There are 4 protein chains.
Amino acid sequence: MPASRPLRADARRNREALLSAARQAFLGGDTDAHVEDIARSAGVAVGTLYRHFETREALIEEVYRKEVDDLCAAPAELLAQHPPEEALRRFLLLLVEHAAVGKGMSVVLESIMATDSPVFDEARARMADALSRLLEAGAAAGTVRGDVTGPTLLRALGGICGMRATEGWLTEARQITALLFDGLRHGAARAA
Amino acid sequence: MPASRPLRADARRNREALLSAARQAFLGGDTDAHVEDIARSAGVAVGTLYRHFETREALIEEVYRKEVDDLCAAPAELLAQHPPEEALRRFLLLLVEHAAVGKGMSVVLESIMATDSPVFDEARARMADALSRLLEAGAAAGTVRGDVTGPTLLRALGGICGMRATEGWLTEARQITALLFDGLRHGAARAA
Amino acid sequence: MPASRPLRADARRNREALLSAARQAFLGGDTDAHVEDIARSAGVAVGTLYRHFETREALIEEVYRKEVDDLCAAPAELLAQHPPEEALRRFLLLLVEHAAVGKGMSVVLESIMATDSPVFDEARARMADALSRLLEAGAAAGTVRGDVTGPTLLRALGGICGMRATEGWLTEARQITALLFDGLRHGAARAA
Amino acid sequence: MPASRPLRADARRNREALLSAARQAFLGGDTDAHVEDIARSAGVAVGTLYRHFETREALIEEVYRKEVDDLCAAPAELLAQHPPEEALRRFLLLLVEHAAVGKGMSVVLESIMATDSPVFDEARARMADALSRLLEAGAAAGTVRGDVTGPTLLRALGGICGMRATEGWLTEARQITALLFDGLRHGAARAA
DNA sequence: CATGAATGAGGATTCATTCAT
DNA sequence: GATGAATGAATCCTCATTCAT
């Protein structure tokens, strides 16, 4: 008997449906989404939701974890294929594009940084680590200033990616990301 | 009955007490503060709160309006006494310092930008205007890039000022503000 | 301003109505009575119930406290007017009669003794004290055995007064009370 | 299909395991034990529980029936070997000792008497019968008063055996049982 | 005007029971 | 027969808002 038996096919389907429905809701901006509604739009009853997730918070946490997992795979690949400076630039833009296609990056970043909630501690830490790695590689190469840390940059990105409501926000978001990137290179000589 | 009769002295006192209590609560970070609690800490009953403010949201809105009023006076003065670039730099730092001394700038900016709520529409617009004026002056002088707008910059500042919970807050905030400022100058020649 | 301002007339009325409705429900035997139902039968909404009583348990506790208050006044009076043995006999019968007229003594005693819940700790202690006083007086007079304590006797009474469901239970209750009383005297010489 | 086909060996094993687990739970004092938990501690799933017992109540009922079965065998034996008065005394003490060793007599008696639930009707009746037989034998012999019935005595015993939580449990229980017994003999001459 | 009591629509969570696998 | 996932009614409690005093 395995430590944690694989779920029955229909159970797994429901679990996925729940995560997907929650993702739709939370990342779509409705951070107060009701469990009842999430369950309903997943096509199951609340009881089923609670069978899969101990509490409402646990469900949210899982949604965010998955989202962050996806994003945190990128930096390693980028660093393998580009000079650090370029890898950083691309990752920053990746976050922005990701947010643009409604993949919910905006809410993820925003939630991660705008609250002190321990619920997001892990997600916060992992995103900051991803950025730290890029910053450190750039600093080591002398092309990015070395006095900016991952957590700090993460905060700024939260502001950028939180720009949901605006008309033409992708343009704006790209722009200010470039601004930040310029700032990061600007002081390279001075602050490294 | 005049559009807005002057309030009796005690009524005005209550109104001020309520705004002050709400400010304490909201800007102190408890954005879910209960009306009952706010009323109590203002030394009045809920009924009085509702006599002065239509709804809970109206009270919040008023708190933010006042806060933003204070801040929006600064750009004009700064522009009168400094070259545009320096005025912009000082205003950005002013926001950060303001947030630093617990005057609630962080929550103001964060709330203004992180939500789509029409409640903050006006506050958002006025802060963006203040920044626009500074950016335009800098662009006119050729020392600041001209392709960044007030609303866009406001978003980025929201990210910075939302850094409440972290250790070493002020240092990080100053740093990233400098980063942004560098970015704003960096492209001056190119983008103006 | 008094330490605890007297309640407004209508508020007190509601409070009484709630206690009365709860009494009806709990002492009537429905120990799982729903707050919603209690509120409704008191003619108020749940919110009102919760304004007067912090939790469901707090309400129950208050009901029991009042009930026990009433009963615990009796022993002192009885001892003042009768020899201890007779006072004891009368108090035992008083409990039984009290239960008989639907005044809820049965559930009170039962709840007090059949659960370990700390909710009833105080009520339990006071009832036991009342019995202790009577037993001790009787023991001192040499007419009641001295090796039975209040808490012990309280348990036995719980069994007797719990006889709700039976046909003709008052007769039975009186009978077994007499039995106990006989037992208490029987060993007087031996155990005092 | 015979009225009650003999169960397959493994089915019977499950049934026994369920009864045993339920016994552990209910008689151990957790009268609110969840079916899921009972099933788990019996090493089966809920579905299996429901295959053997129509409802949660049916399971409880069965547990109590078995417990009472065991106890109701005693009076006949005791009467065969002792004078009625002594048989009664021994049976009363047997109940107490049984409760003392955690065999759950306390909960059985308490549940049987403290509720009106028809679930326990049969158990109640059989226990009362057992006591009636002893009382009648004693009355016939003239050593026990004849005006106390089984149901009545059963109630009193419920109170005694409900004394679970107290320090010094067994001592108190023995004592009050003796008290009752004394009361039963006390009036023998008078009431027979 | 001020008070604070009353309202009542939710909202998260639990658990006996059913039924597809 | 056994499993355990799914159901969903039921329950306690919260809190913005209204309104009698």
Side-chain angles (χ1 to χ4, degrees), chain A residues 5 7-15 18 32-40 42-57 59, chain B residues 7-8 10-11 14-15 32-40 43-59, chain C residues 5 7-15 18 32-40 42-57 59, chain D residues 7-11 13-15 32-40 43-59:
Chain A
R5 193 178 341 208
L7 285 171
R8 236 166 56 185
D10 57 344
R12 172 155 54 252
R13 237 190 335 274
N14 282 338
R15 192 190 153 84
L18 282 163
D32 295 342
H34 305 324
V35 284
E36 202 91 27
D37 292 343
I38 293 173
R40 192 183 354 273
V44 302
V46 269
T48 303
L49 188 154
Y50 278 95
R51 166 168 287 270
H52 289 286
F53 305 94
E54 294 260 317
T55 64
R56 187 179 177 281
E57 290 238 309
L59 173 57
Chain B
L7 289 168
R8 249 169 47 184
D10 59 342
N14 280 342
R15 193 188 153 83
D32 294 341
H34 302 326
V35 285
E36 196 94 35
D37 293 343
I38 292 172
R40 190 183 358 274
V44 302
V46 268
T48 303
L49 188 154
Y50 277 93
R51 168 164 295 270
H52 288 287
F53 304 94
E54 291 264 316
T55 66
R56 186 179 179 279
E57 290 237 307
L59 172 57
Chain C
R5 195 178 342 211
L7 285 170
R8 236 165 57 185
D10 57 343
R12 172 155 55 250
R13 238 190 333 273
N14 281 338
R15 192 189 154 84
L18 281 163
D32 294 342
H34 305 325
V35 283
E36 204 90 28
D37 293 342
I38 293 172
R40 192 183 354 275
V44 301
V46 267
T48 302
L49 187 155
Y50 279 96
R51 166 168 287 271
H52 289 286
F53 304 95
E54 293 259 318
T55 64
R56 185 178 178 282
E57 289 238 308
L59 172 57
Chain D
L7 288 169
R8 249 168 47 185
D10 58 344
R13 245 196 323 278
N14 282 341
R15 192 187 153 83
D32 293 342
H34 302 327
V35 284
E36 195 92 37
D37 293 343
I38 293 172
R40 188 181 1 273
V44 302
V46 267
T48 304
L49 186 153
Y50 278 93
R51 169 164 293 272
H52 288 287
F53 304 93
E54 291 264 317
T55 66
R56 185 179 179 279
E57 292 238 307
L59 172 57

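As a basis for the values below, the full set of heavy atoms in this structure was taken, side chains included, without hydrogen atoms, waters or symmetry mates. Predicted model only: the values in this text are computed from it and were never measured.
Under a 3.5 Å cut-off, the side chain of C:R56 and the backbone N or O of C:H34 do not form any donor-acceptor pair.
Rounded to whole Å, the distance from CG on A:D32 to C1' on F:dC15 is 15 Å. Taking atom CZ of D:F53 as the reference point, atom P of F:dG1 lies 14 Å away to the nearest angstrom. Following rounding to the nearest Å, B:D37 (CG) and F:dA16 (C1') show an atom-to-atom distance of 12 Å. Rounded to a whole Å, the CG atom of C:L49 is 17 Å from the P atom of F:dC15. Residue C:R40 contributes atom CZ, which lies 11 Å from atom P of E:dA9 at whole-angstrom precision.
For F:dA2, the OP1/OP2 oxygens have a side-chain nitrogen or oxygen of D:N14 closer than 4.0 Å. For D:T48 and F:dT3, the shortest distance from a side-chain N or O to OP1 or OP2 is below 4.0 Å.
In terms of heavy-atom proximity, D:V46 sits nearest to D:E36 at CG1-CA, 3.7 Å. Taking both residues in full, the closest heavy atoms of C:T55 and C:Y50 are given as CA-CE2, 4.1 Å, listed atom of the first, atom of the second, then distance. Of all heavy-atom pairs between A:V35 and A:L49, the closest is O-CD1, 3.7 Å.
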Provide a list of protein-nucleic acid N or O atom pairs under 3.5 angstrom, restricted to nucleotides 17-21 of chain E.
{"residue": "E:dT17", "atom": "OP2", "partner": "D:Y50", "partner atom": "OH", "Å": "2.8"}
{"residue": "E:dT17", "atom": "OP2", "partner": "D:R56", "partner atom": "N", "Å": "3.0"}

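Here F:dA20 sits opposite E:dT3 as a Watson-Crick or G-U wobble pair (both hydrogen-bonding atom distances under 3.5 Å). When both pairing distances are held under 3.5 Å, F:dG8 makes a Watson-Crick or G-U pair with E:dC15.
Position along DNA chain F of the nearest nucleotide to A:G43 versus D:R51 favours D:R51 as the more 5'-ward residue. Nearer to the 5' terminus of DNA chain E, by closest-nucleotide assignment, is the contact made by C:A45 (compared with the other of C:A45 and A:H34).
With C1' as the reference atom, F:dT21 and E:dC1 are 13 Å apart, rounded to whole Å.
The pair C:R13-C:D10 fails the salt-bridge criterion, with no side-chain N (NZ, NE, NH1 or NH2) lying under 4.0 Å from an Asp/Glu carboxylate O.
Rounding to the nearest 0.5 angstrom, the gap separating the CZ atom in C:R15 from the CG atom in C:L59 is 9.0 Å.
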